[in-house]
Participant: 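The following block contains the structure, expressed as structure tokens.
Reckoned from all heavy atoms, side chains included, excluding hydrogens, waters and symmetry mates. Just so you know, ligand 1 is whichever comes first in the structure, and atom 1 is the first atom listed for that ligand.
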Amino acid sequence: MKMILDCDPGHDDAIAMMLAFASPELEVLGVTVSYGNVGLENTLRNALKIRELCGSDVPVFAGVPQPLVSTRISAEFVHGRSGLDGPVLPEPIRGAESTRAIDFIIDSILAHPREITLCPIGPMTNLAMAMRLEPKIVPLIKQIVLMGGSTGLGNWSPAAEFNILCDPHAAKILFESGVPITMFGLNVTHQALALPQHIAAIRGNGNKTSVVAAELLEFFKLSYQKRYGYAGPALHDPCVIAYLLKPDLFKLEKLNVVVDDSSGASFGRTVVDVYHVLDKPANANVALEVDADGFFALIAERLATLP
Ligand code: RIB
Ligand code: CA
């Protein structure tokens, strides 16, 4: 499966990258990086560090540094000032490609029509910009599998999840594009909390990447305990990759999803018609449940194969 991972590392993005790099079923054509958890300079550096840790030669591309319209927000107090606080990773030797992320996305879709799965796990500005810059690619995108939104409450405002709230206008472009979408929102990702036994199993692999992953999760856990009082950090972004690898780990339902871009308390909310009260067509396959034990077993199993 050809795919492009669009991310804002970020602790959970880092685990998602590791899982993707460790899975031969996935042909990762490139990693495009967005601002998000922290500014683009740091998310890009973090993506390069994780690529090197995993021994991957997948090209990395710098994306757009700001939302389309909104003022940029960020999540340093969840991910630390670097965006990947916890373990100290060496500065990357290899840099990003000179091609801009949106040009890489456009060129890749045109070169592989109807073959590429786009996986945004941060703000969706890069993908939205690519769609606007070259509308010809929209019908040629095989599918979008994204982490963002929620069928319920938000985590960054009472109504909005962080990735969507970073750039609701971009998210709206994706959800209204007609491209097949599979959505992993907080309603399901908060069922995937990395509990102590899960972190211990990953650390127990003993290889460097697994040990770094465990240390990242230990830092991420502190943030989740402080902010939400959860027993473990939610592994939001790896849900996207796990779905590509083992879709049966999830229960999904085709539903209508609208991104609220009106000003006010619900700005950035994904309004999901879970009870089908409207006769509007479903525009997303929405994840509702996850087999958490199976999910973490997959992560531990695959990370063990990395350096
Ligand atoms: O709300 C969770 C999402 O916001 C995840 O993608 C996390 O990495 C942050 O980007
Ligand atoms: Ca992310």
Side-chain angles (χ1 to χ4, degrees), residues 4-20 31-40 42-47 49-50 60 63-65 67 70 72-80 82-86 101 118-127 144-168 170-171 174 182-194 213 216-217 219-221 223-224 227-228 230 232-243 259 267-270 272 287 290 295 299:
I4 294 173
L5 183 64
D6 188 74
C7 58
D8 63 329
H11 290 68
D12 55 325
D13 301 73
I15 307 297
M17 289 180 70
M18 294 173 184
L19 185 56
V31 171
T32 51
V33 183
S34 172
Y35 69 92
N37 286 312
V38 290
L40 180 63
N42 281 343
T43 54
L44 183 61
R45 180 184 301 111
N46 295 337
K49 286 183 176 181
I50 295 298
V60 173
V64 178
S70 303
R72 187 172 71 86
I73 58 175
S74 60
E76 278 85 356
F77 68 87
V78 173
H79 298 274
S82 74
L84 211 57
D85 281 19
L118 298 178
C119 298
I121 54 175
M124 295 160 202
T125 313
N126 289 335
L127 273 59
I144 293 173
V145 183
L146 63 87
M147 192 280 141
S150 176
T151 62
L153 303 176
N155 62 351
W156 219 256
S157 79
E161 178 276 328
F162 180 79
N163 287 346
I164 306 292
L165 188 59
C166 277
D167 197 339
L174 269 61
T182 303
M183 167 182 155
F184 291 85
L186 299 176
N187 56 288
V188 72
T189 65
H190 280 173
Q191 298 173 39
L193 301 182
L216 287 169
L217 292 174
F219 178 91
F220 204 27
K221 180 172 79 174
S223 302
Y224 264 75
R227 173 139 171 130
Y228 303 105
Y230 283 1
L235 286 207
H236 310 283
D237 298 336
C239 284
V240 166
I241 309 303
Y243 170 74
V259 176
F267 180 62
R269 180 185 172 197
T270 50
V272 186
V290 60
F295 171 72
I299 291 174

Participant: What protein heavy atom lies closest to atom 1 (O) of ligand 1? Include the residue and the distance to one decimal.
Facilitator: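 Here the closest protein heavy atom is Glu161 OE2, 2.6 Å.
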
Participant: What protein heavy atom sits nearest atom 8 (O) of ligand 1, and how far off is it?
Facilitator: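 Result for atom 8 (O) of ligand 1: Asp12 OD1, 2.6 Å.
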
Participant: From His79 NE2 over to Leu84 CG, what is the distance, rounded to the nearest 0.5 angstrom?
Facilitator: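 His79 atom NE2 to Leu84 atom CG measures 9.5 Å (nearest 0.5 Å).
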
Participant: Quick one: nearest non-hydrogen protein atom to atom 10 (O) of ligand 1, plus distance?
Facilitator: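 Of the protein heavy atoms, Asn163 OD1, 2.9 Å lies nearest.
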
Participant: Can you name the closest pair of heavy atoms from Val33 and Pro9 and give their distance?
Facilitator: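 The pair with the smallest heavy-atom distance is CG1-CD, 4.4 Å.
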
Participant: Checking side-chain polar atoms at under 3.5 Å, does Asp8 have a donor or acceptor matched by the opposite partner on Thr43?
Facilitator: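 There is no such pair (donor and acceptor under 3.5 Å, judged by atom type) between the side chains of Asp8 and Thr43.
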
Participant: Which of the atoms in ligand 1, numbered in the order shown and given with their element, are less than 4.0 Å from a heavy-atom of Phe162?
Facilitator: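 By the 4.0 Å cutoff, the relevant atoms are 1 (O), 4 (O), 9 (C), 10 (O).
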
Participant: Which class fits the ring pair His190 and Tyr224: parallel under 30°, tilted 30 to 60°, perpendicular over 60°?
Facilitator: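 Plane angle over 60°, so perpendicular.
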
Participant: Once you round to the nearest 0.5 Å, how far does SG of Cys166 lie from CE of Met124?
Facilitator: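 That separation rounds to 9.5 Å.
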
Participant: Report the part of Ile121 in contact with ligand 1, treating N, CA, C, O as backbone and CB onward as side chain, heavy atoms under 4.0 Å; options are side chain, backbone, both, neither.
Facilitator: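 The backbone, only.
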
Participant: Which atoms from ligand 1 have a heavy atom of Asp13 less than 4.0 Å away?
Facilitator: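 Listed by number with element, the hits are 8 (O).
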
Participant: Side chain, backbone, both or neither: which part of Asp8 comes within less than 4.0 Å of ligand 1 when only heavy atoms are counted?
Facilitator: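 Side chain only.
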
Participant: Quick check: does Asn37 get an N/O under 3.5 Å from an N/O on ligand 1?
Facilitator: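 Asn37 vs ligand 1: N/O contact under 3.5 Å present.
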
Participant: Grab the two heavy atoms, one from Gly268 and one from Leu165, that are nearest each other, plus how far apart they are.
Facilitator: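 For Gly268 and Leu165, the tightest heavy-atom pair comes out as CA-CD1, 4.3 Å.
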
Participant: Quick check: Phe77 with Trp156 (ring centres under 6.0 Å apart)?
Facilitator: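 Yes: the rings meet the under 6.0 Å criterion.
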
Participant: In Å, rounded to the nearest 0.5 Å, how long is the span from CD1 of Ile121 to CE of Met17?
Facilitator: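 So the gap between those two atoms works out to 8.0 Å.
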
Participant: Starting from atom 6 (O) of ligand 1, which protein heavy atom do you reach first, and at what distance in Å?
Facilitator: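 Result: Asp237 OD1, 2.6 Å.
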
Participant: Around the Ca ion (ligand 2), how many protein N, O or S atoms are found at less than 3.0 Å?
Facilitator: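 The number of such protein atoms is 5.
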
Participant: Would Leu146 and Phe184 count as a side-chain contact (heavy atoms from CB on, under 4.5 Å) if you check the C-alpha gap in whole Å, the side-chain angles of each, and the deciding distance to 0.1 Å?
Facilitator: CA-CA 6 Å; Leu146 63 87; Phe184 291 85; over 6 Å; no

Participant: Nearest 0.5 Å, what's the CD-NE2 distance between Glu161 and His236?
Facilitator: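 Rounded to the nearest 0.5 Å, the CD-NE2 separation comes to 7.5 Å.
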
